[in-house]
Amino acid sequence: MSVESQPQRETHAFQAEINQLLSLVINSLYSHKEIFLRELVSNASDALDKLRFRTITETELLGNEPELELRITPNAALGTLTIEDTGIGMTHDELVKNLGTIAHSGSREFIQTMAQKGQKDMQLIGQFGVGFYSAYLVADRVEVVSRAAGADQRAWRWTSEAHGTFTVEPAERTSRGTAITLHLKEDQKEFLEEWRLRTLITQYSDYVGHPIKLQVAKTTGTGDDKKTEVSLEVVNKASALWQRSKSDITDEQYTEFYKHLTHDFDAPLAWTHFKTDGQQQFTGLMFVPKHPPYDLNAQQQRGVRLFVKRVFIMDRCEELVPQWLRFVRGVIDSDDLPLNVSREMLQDSAVVRAIRKHVIKKSLEMLEKLAKDKPEDYRTFWQSFGTVLKEGLATETEHREKLGVLLRYESSREEGLTSLTDYVSRMKEGQEAIYYVYGESRKAVADSPHLEALKQRGYEVLFMTDPVDEWAAQGLRDFQEKPLVSALNADLKLQSTDEQKREKEQQSEGFKALTDKMKDVLSDTVREVRVSDRLTESPVCLVLPEGGSPAYLEKLLRERGKGMPHMKRILEVNPKHPVIEHLRAVYTSDPTATQVGEWIELLHDQALLTEGSPLSDPNRFAKRMTALLTQVAAHTAPAQPRAS
Ligand code: ADP
Ligand code: MG
């Protein structure tokens, strides 16, 4: 034999992360090992989709193998299970790249999740883009023979026992596609049994749009006449679920389809299935998941699968779904787009715009229905995706009315979430606005001095504690014709009687000397000092002039390295508070008294602390505080221990 005809076997090392992943998979005690079949069938189905898409322009790719199908072949004698497809196939380099390295951070994130959540999440493997490696849940050796569609006739065999390396060598394969052969572990031979395979395929892969053919053996006759015939039998429906009529589809089928589509193992919270027959003809099936996928925010990925006349075109078609609905998963199948549609064409297509509009409408309706029919599930949804949905208020205000109905917030009424509709129904006589306070947490805002007057009037206050809330509230502006007013704002839109107005004027007059003095002392940091009608217990607070940003928002932006111009606040003082009255008395009797300035600074620092802002000089604050306490100590006799 000449040197050239010797098969050249190359050995490659797995990336370190894949090794980690593999040892996790191999040593897994996870009890639902059958998920490997779903993952491999899903890869085969993807490969068939890719081929079908390419044959639109390159019909010659079909070559001598016009069938697009999957074949599953158990071989009891060899202890192997083969999953084969007539799809796009892989070249030598693709085999090395796709089955030996990872394009994105999938395996690292998967390992992290497994470390946090334990083996129950082995199911997630497909979501992380590393589903192929689930083969090692049941096999100790995997062989992949693949031949890429196209002119190149060469086929390659990838083999690995998952001990750090894999080999690639030339192989034989008569037509394009991929065959994955699993050498099953001793205790996983159940996956050779026909009934087991048949059940798994119908359970997990019924909706794969290509025929899945299972090799079955039929034995006829007895004794010497006994004959075993082997044949291929289609075991799935192989039709697009979304094209069937709603009344023919059970909830279980919708749920399984969702799982097939997303690799999620939880059932979806809701779905909507629709067909339009207007100007545009398209079918949609969209789901709301229960939990966010691991990359909901990190990758900002969004979109549904786009099909054109039943042909798969692309995954995660962003043009069809706005960013703020990026949790929606599903399928859109259009009859109007051309089969050779490209990303560029999508961006500028009237058809796409019409579909997008309908997707938004249907998604909002689906959520509204969920909120009405299943409040418990809606809360789950809100916990998972409320933050994302609220982005819609900040970015696309035309949906604000519909979105307003879907919002949920904590409030001063009691623990738990309330809707704006319920809030409005509880509004007090004379209450003109929906009040909210924005801050880091319920704890940080619940006792804020800004709420005192509102609480005194029995007005409920919404607690907005999600960073996006301030923008969302500004986008919403009003709900059922009631304006949204921040309790941190200078203008609280409180109704007051003529008598109250007169009283306030008198107080402003009476405190003018003091507030002028305060303004003077604090001129670097506040724009105005004025008498307040919002405080009942606290001596002072800082409020926001029109257009000012709350302290918490400023803090967030600073942390994200986004500086923003600081707008000076308005300091409000409580004329009825003993500290303020005392300060006025001291100042009136001796306008040069040094402690007046000190106290004013101290009160201002206190107002900064209650709004959650940092002090410009904590040391001076501490010194002033100590000086004050020392004075108090000098005037207070310690309590005598009581004799009992
Ligand atoms: P994912 O499917 O999420 O990309 P996998 O680990 O399941 O991740 O598969 C890795 C890659 O291997 C796929 O993206 C694909 O490029 C390639 N691949 C796997 N199975 C096949 C197949 N049957 N035919 C062609 N390519 C395949
Ligand atoms: Mg996969």
Side-chain angles (χ1 to χ4, degrees), residues 12 14-15 17-22 24-25 35-54 61 65 68-73 81-111 113 122-137 139 142-150 152 155-160 162 166 168 171 173 175-182 204-205 208 210 212 259-265 293-295 299 301 305 312 314-316 329:
H12 296 260
F14 282 116
Q15 262 186 351
E17 282 168 358
I18 293 194
N19 277 328
Q20 256 179 302
L21 169 76
L22 281 170
L24 197 68
V25 171
I35 58 160
F36 82 91
L37 190 62
R38 185 184 66 190
E39 294 303 329
L40 297 182
V41 166
S42 148
N43 284 350
S45 164
D46 288 351
L48 290 163
D49 282 345
K50 285 180 199 161
L51 179 81
R52 185 157 67 175
F53 180 64
R54 270 186 55 194
L61 287 183
E65 173 73 277
L68 267 65
E69 63 185 27
L70 275 106
R71 296 176 203 130
I72 297 181
T73 313
L81 178 67
T82 301
I83 294 116
E84 185 178 2
D85 65 71
T86 56
I88 194 82
M90 284 178 273
T91 61
H92 169 277
D93 292 357
E94 284 167 343
L95 272 173
V96 172
K97 183 166 145 279
N98 297 342
L99 307 182
T101 61
I102 34 163
H104 49 97
S105 58
S107 72
R108 194 179 332 121
E109 309 228 14
F110 180 70
I111 290 163
T113 308
M122 189 59 83
Q123 286 255 19
L124 291 173
I125 192 161
Q127 260 188 50
F128 289 81
V130 288
F132 168 76
Y133 302 98
S134 66
Y136 290 96
L137 284 169
V142 176
E143 272 176 47
V144 182
V145 174
S146 194
R147 178 170 146 190
D152 186 356
W156 299 91
R157 175 183 288 104
W158 177 104
T159 313
S160 180
F166 61 90
V168 180
R173 193 178 155 81
S175 67
R176 60 148 211 282
T178 305
I180 299 186
T181 299
L182 309 178
Y204 286 141
S205 307
V208 168
H210 309 277
I212 303 178
K259 291 183 176 176
H260 157 69
L261 196 72
T262 57
H263 297 271
D264 195 350
F265 62 95
Y294 77 101
D295 58 356
Q299 308 199 356
Q301 281 191 358
R305 272 191 197 192
F312 171 78
M314 69 179 78
D315 213 357
R316 301 206 168 228
R329 293 282 174 269

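Just so you know, ligand 1 is whichever comes first in the structure, and atom 1 is the first atom listed for that ligand. Starting from 1, each residue takes its place in the sequence as its number.
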### Task
Apply side-chain hydrogen bond (donor to acceptor under 3.5 Å, both in side chains) to H210 and D85, showing your working.
CA-CA 10 Å; H210 309 277; D85 65 71; over 6 Å; no
### Query
After noting the C-alpha distance and the side-chain angles of T82 and T73, does the key distance pass the side-chain hydrogen bond (donor to acceptor under 3.5 Å, both in side chains) rule?
CA-CA 5 Å; T82 301; T73 313; 5.7 Å; no
### Task
Can you label the angle between the W158 ring and the F166 ring as parallel, tilted or perpendicular, going by 30° and 60°?
parallel
### Task
Would you indicate whether the side-chain heavy atoms of V96 and T101 approach each other to under 4.5 Å?
no
#### Entry: Atoms of type N/O/S from protein, distance to the Mg ion (ligand 2) below 2.8 Å
1
### Message
I want to know if ligand 1 touches N98 in the polar sense, i.e. an N/O pair below 3.5 angstrom.
### Response
yes
### Query
Considering distance alone, does some N or O of F132 sit under 3.5 Å from an N or O of ligand 1?
yes
#### Entry: Structural part of L40 in contact with ligand 1, heavy atom criterion under 4.0 angstrom
neither
### Query
What pairs with N98 under side chain to side chain contact (heavy atoms under 4.5 Å, CB included), at least two apart in sequence or on another chain?
M90, E94
### Message
Need the ligand 1 atom indices (1-based, order shown) with element for anything under 4.0 Å from a heavy-atom of L99.
### Response
12 (O)
### Query
Quick one: do E143 and R157 make a salt bridge, cutoff under 4.0 Å?
yes
#### Entry: Side chain, backbone, both or neither: M90 near ligand 1, heavy atoms under 4.0 Å
side chain
## Note on the structure
Going by the 4.0 angstrom heavy-atom rule, the piece of V130 near ligand 1 is backbone
### Closest contact, heavy atoms only, V25 versus M122
CA-CE, 4.1 Å
### Summary
Here the pair of heavy atoms bringing F14 nearest to L22 is CE1-CD1, 3.7 Å
### Task
Kindly confirm or rule out an N or O of N43 lying under 3.5 angstrom from an N or O of ligand 1.
yes
#### Entry: Test: D264 and K259 ion pair at under 4.0 Å
no
### Task
Check whether any N or O atom of G129, backbone or side chain, sits under 3.5 Å from an N or O atom of ligand 1, and answer yes or no.
yes
### Query
Can a salt bridge be assigned to the pair E84 and R173 using a cut-off of 4.0 Å between side-chain N and carboxylate O?
yes
